[in-house]
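Okay, structure first, notes after.
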Amino acid sequence: MLKYEFTDVEAPEETLYYRLKQIDYDGQYEYSKIIVVQTDNSMINNKLNIYPNPVKGRFKLQLPEYTGKMQVDV
């Protein structure tokens, strides 16, 4: 089994539909099943705090109470 991962950093806050298109060497293609994703980043964006601002060296990251999967890149 292969694993694919993609992060749509410009995804709007709405229902989104994704699928893969696999193209063979002979030009034939096949689509994967459609995956439905409901985005709602408003809670994270409104409650994620980094301080002090401006930062010199060390900083504190305050995360919201959130039970879903979260990735923070600094």
Side-chain angles (χ1 to χ4, degrees):
M1 183 171 121
L2 296 176
K3 178 181 175 184
Y4 297 92
E5 185 173 314
F6 174 75
T7 302
D8 188 352
V9 295
E10 296 181 11
E13 293 183 28
E14 58 187 43
T15 302
L16 303 170
Y17 301 88
Y18 293 96
R19 68 179 177 180
L20 295 175
K21 180 179 182 181
Q22 178 180 323
I23 303 174
D24 296 334
Y25 290 114
D26 63 3
Q28 293 195 27
Y29 60 90
E30 187 175 309
Y31 289 104
S32 70
K33 68 178 184 173
I34 296 173
I35 302 296
V36 180
V37 177
Q38 179 65 45
T39 61
D40 182 10
N41 297 324
S42 60
M43 183 185 78
I44 294 172
N45 292 336
N46 291 331
K47 295 184 179 181
L48 178 68
N49 293 309
I50 298 175
Y51 57 94
N53 187 8
V55 172
K56 290 185 178 181
R58 298 183 90 169
F59 62 91
K60 293 189 178 195
L61 179 65
Q62 181 181 14
L63 300 172
E65 291 182 23
Y66 181 69
T67 58
K69 183 176 179 181
M70 181 184 303
Q71 177 176 330
V72 178
D73 296 314
V74 180

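Scope of the values below: all heavy atoms of this structure, side chains included, with no hydrogens, waters or symmetry mates.
With sequence neighbours excluded, no residue forms a ring-ring contact (aromatic ring centres under 6.0 Å, His included) with Y25. Shown here are the ring-ring contact (aromatic ring centres under 6.0 Å, His included) partners of Y31, two or more places apart in sequence or in another chain: Y29.
Here the side chain of D26 pairs a donor or acceptor atom with the backbone of Q28 at under 3.5 angstrom.
Hydrophobic clustering, with ILVMFWY side chains joined whenever heavy atoms are under 4.5 angstrom apart, keeps I34 apart from Y18.
Here the closest heavy-atom approach between residue K33 and residue R19 is recorded as O-CB, 3.9 Å.
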